[in-house]
Amino acid sequence: MRSRTSARLPELTKLGLGAAQLGNLARRVGDADAHEAVHAAWDSGVRYFDTAPHYGLGLSEQRLGAALAHHPRDEFVVSTKVGRLLVPSPETAHRKDDGGFAVPAAFRRTWDFSRDGILRSLDGSLERLGLDHVDIVYLHDPDDHWPEASTTGISTLIELRERGLVKAVGVGMNQAEMLTRFIRHCDVDLVMVAGRHTLLDHSAREELLPFALEHGVGVVAAAVYNSGLLAAPRPPAGATYDYLPAPRELTDRAAAIADVCERHQVTLPQAAIAHPMRHPAVVSVVVGARDAAQSRTNADRLSAAIPDALWNELAALGLVPDDASTTAPSHTGRGRR
C-alpha cells in the first residue's frame, strides 16, 4: 500500500485503521471479530493504526495491542490520544457506559491536559497496548480546553518528542478551526481532522488544509463516511450524519453525488474514501472496521480506479470543490523550534 510522509512524520500508509469500533462503538463487537479486523487490515497493507483511551474505556487499546502483538514492532505505526484520563469507578461498573460505547462503566473519563494527567494517560495506554512506546500522540478533542491544551498539554507532548519517547505529536478534533489555531501557535507535526474533509463537509479546505500544507504539517483525515451517510452506494433510510439523523438537505446532496458516481461506474463509498487523499496536505485516511470483511472492503474501496471525469463533473455541478488550483508543497516541512 502506497505511503505518504513528510520530514516531520513517521511513514504512514495511505489507509489507516481507526480502532474506535474495536472499543464497541455503538454496539458490541466480539473479540474474534475485533482481532480479525486488525489482521485483515494488515494483510491488505495497512501499517497505521489509531486508537484512544476514550474508545470503549480502554477496550480498543487492549484489543489493538493484542492483535498487533503478532507482528514485528518496527513494521507498524500506532497513534493514541491523551486528554481524557480514565479513572477507576467500581461504583458504576454495573451500569452501561454513557460515552457511546457498549461497555460497562468501570471507568469515568476525566478531562485532564495537565502534564501529570497526560503522562498518566500515556502510561495507561502503553500498559493496555502492551507496547513500550507509541509513535504518535494526539491531544484528543480539546475544544473546551484551549488554554491548558495549547500550553501545558502540547508542551508535554513536545517534551516527549524531544526526549525521543514519541516520534510525532499533534491534535485530533471534529472541527477544523481550532486545528488551524494549533498549527499557527504550537509546534505540532500533524493533525487529525474528523468529518470535516469529506464529500459533504469541505470546511477543512477553507483554511486548515492550505495552512497545514504551507507549514509542512501532515493531515490525517478521519470519519470520511460522516458516520454512515456516505458508507453505502445510495444513502439509506435512517442514515446518520455525525452520529445523528442525517438532515434531508445532506441526504439529497449525498444522493446527487451518488448519481454522478453511478454514471462513472464508481460507488459512493469509493469516492468518499478517495476524496480526502486528493489534497496533498493529507498523509493518511483513517477508517474504522468491526470485522475482517469491513477491513478488506475499506482497502478495496481505496484501491478502486476513479476517473478524473468523476471529480470534474462533481466540481462542475458544485457538489465538491474544484481541485485544479491545489498545488503540492514547495518545501519538505518547517524545522523544529
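Sequence positions, counted from 1, serve as the residue numbers for this chain. In what follows, every heavy atom counts, from backbone to side chain, and hydrogens, waters and symmetry copies are set aside.
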Asks: For Asp97, run the salt bridge (Lys or Arg N to Asp or Glu O under 4.0 Å) check against Arg109, Arg28, Arg108 and tell me which one passes.
Replies: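 For Asp97, the salt bridge (Lys or Arg N to Asp or Glu O under 4.0 Å) check succeeds only for Arg109.
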Asks: So, do Asp112 and Ile118 sit near enough that their side-chain heavy atoms are less than 4.5 Å apart?
Replies: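 In short, these two side chains do not touch, never coming nearer than 4.5 Å.
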Asks: Looking at Met178, Gln175, Arg84, which one forms a side-chain contact (heavy atoms from CB on, under 4.5 Å) with Asp141?
Replies: Arg84
Asks: Has Thr51 got a side-chain atom pairing as donor or acceptor with Ala19's backbone, closer than 3.5 angstrom?
Replies: no
Asks: For a quick check under 3.5 Å, do Asp201 and Ser203 share a side-chain donor-acceptor pair by atom type?
Replies: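 Yes, because at least one side-chain N or O of Asp201 sits under 3.5 Å from a partner of the opposite role on Ser203.
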Asks: Measure the shortest side-chain to side-chain distance between Pro88 and Phe107 over non-hydrogen atoms and say whether it is less than 4.5 angstrom.
Replies: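 Contact flag for Pro88/Phe107 side chains = yes.
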Asks: Between Ser79 and Tyr48, do the side chains contain an N or O donor and an N or O acceptor separated by less than 3.5 Å?
Replies: yes
Asks: Under a 4.5 Å side-chain heavy-atom rule over Ile, Leu, Val, Met, Phe, Trp and Tyr, are Phe182 and Val166 clustered together?
Replies: yes
Asks: In this structure, would Val193 and Tyr243 fall into the same cluster of hydrophobic residues linked by side-chain contacts under 4.5 Å?
Replies: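 Each belongs to a different hydrophobic cluster.
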Asks: I need the Arg301 CZ to Tyr225 OH distance, nearest 0.5 Å.
Replies: 4.0 Å
Asks: Can any side-chain N or O of Thr180 pair as donor or acceptor with the backbone N or O of Ala176 at less than 3.5 Å?
Replies: yes
Asks: Verify salt bridge (Lys or Arg N to Asp or Glu O under 4.0 Å) between Arg234 and Glu262, making sure each step is shown before the conclusion.
Replies: CA-CA 10 Å; Arg234 304 290 309 181; Glu262 289 171 2; 3.1 Å; yes
Asks: So does Gly18 get a backbone contact from the side chain of Asp50, meaning a donor-acceptor N/O pair under 3.5 Å?
Replies: no
Asks: Has Arg161 got a side-chain atom pairing as donor or acceptor with Gly164's backbone, closer than 3.5 angstrom?
Replies: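 No.
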